[in-house]
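Every number for a ligand or one of its atoms is a count from 1 in the order of the listing. Small disclaimer: the values here were computed from a predicted structure and weren't measured.
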Amino acid sequence: MPWRPGVDLRALLDLLAPQDCAGCAAEGSVWCGACESLLSVPPRPWRPTPCPAGFPPTWTGPDYSGVVRAGLVAWKEQDRVAATGALAQVLRRSLRAAIAASPEHRAALAVGHPVAVLPAPSSRRSTRARGRSPVGDLARAAAGPAAVVPGLVLRRRVRDQAGLSATERESNLAGAVDLAPRAAARLAGLPCVVVDDIVTTGATLTDCARALAAGGAGPVVAATVAATSRHGAERDRAEHPLP
Ligand SMILES: [Zn+2]
């Protein structure tokens, strides 16, 4: 990947600069105490309404609304890389809960077998434009680099995700996910956890689970940082009406 000084410097400056809270812009730290406590809710099982067939068992953290939503948008769209740590802790809790709730995943770990963590894919264009894959970075920070298999890819061009609402992003990616052939050999029969920053309609996680099953991977569960409430999904559509 060519070096992109603009993008790299922006990310570096975010690490070095005096911080405003990613959630509420209060001065002083990358997450203020109040916003961090809103992030730090216990993980919960979650499914969308309506629920797509094949949606994997999924655990998530807080509602995607208010300062949680503002923080996730700042982290992803404004390169607030310093915000990754706190978001990764939320994802780690969802990940642990998803694994603990799955007998197959627990059984694999109990006998020392690996469980693969797969970041939901980003559009190649958005990854290139940013010079990084935010969800990949988040997955490595949450699960440790060794557990992460970046095997889920997009098999067709999708619209650039920038400027799309969370709901639009999911429908933009639906049906586009594939398993990279080299990853398929590595994942044969292996329990998998798909991770993403947000789940809204469930289309992306369902598509990732379908691609993994088609590629011969083992049972699939999913974990995300945040999830839209039904009310949140409606507001998301209202604030970002489709063209
Ligand atoms: Zn705050």
Side-chain angles (χ1 to χ4, degrees), residues 6-46 48 58-98 119-120 122 126 129-144 161-170 195-201 204 222-240:
V7 172
D8 286 355
L9 278 179
R10 205 146 45 113
L12 193 61
L13 283 172
D14 185 54
L15 287 169
L16 297 178
Q19 297 293 344
D20 294 343
C21 173
C24 71
E27 286 180 18
S29 59
V30 67
W31 289 103
C32 73
C35 289
E36 193 152 14
S37 73
L38 288 170
L39 276 180
S40 305
V41 298
R44 58 193 167 118
W46 188 90
T58 297
W59 288 69
T60 191
D63 261 353
Y64 181 64
S65 62
V67 294
V68 172
R69 174 182 167 151
L72 276 161
V73 169
W75 164 74
K76 199 166 188 177
E77 307 298 340
Q78 293 151 28
D79 280 317
R80 294 293 309 269
V81 291
T84 305
L87 297 176
Q89 280 185 32
V90 181
L91 182 61
R92 189 180 303 130
R93 286 193 288 271
S94 301
L95 196 61
R96 281 197 188 133
S122 316
S126 79
R130 289 194 180 97
R132 66 190 185 100
S133 160
V135 176
D137 294 345
L138 189 66
R140 281 182 285 277
Q161 302 274 84
L164 299 188
S165 72
T167 311
E168 288 166 332
R169 279 165 195 257
E170 291 224 68
V195 297
D196 208 348
D197 51 349
I198 313 157
V199 55
T200 63
T201 64
T204 305
T224 71
V225 174
T228 48
S229 60
R230 201 163 173 195
H231 180 64
E234 281 157 10
R235 190 173 53 231
D236 189 45
R237 274 193 290 277
E239 286 176 18
H240 301 272

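- For the pair L138/V195, no side-chain contact is recorded, criterion being any heavy-atom separation below 4.5 Å from C-beta on.
- Residues W46 and P48 form a side-chain contact, since some pair of their non-hydrogen atoms from C-beta on lies under 4.5 Å apart.
- For the pair S40/Q89, no side-chain contact is recorded, criterion being any heavy-atom separation below 4.5 Å from C-beta on.
- Near the Zn ion (ligand 1), less than 2.8 Å away, sit the protein N, O or S atoms C21 SG, C24 SG, C32 SG, C35 SG.
- Of all heavy-atom pairs spanning L95 and A143, the tightest one is CD2-CB, 3.7 Å.
- The closest donor-acceptor contact from the side chain of T224 to the backbone of T60 lies at 3.5 Å or more, if one exists at all.
- Going from atom CH2 of W75 over to atom CZ of R80 covers 13.0 Å, rounded to the nearest 0.5 Å.
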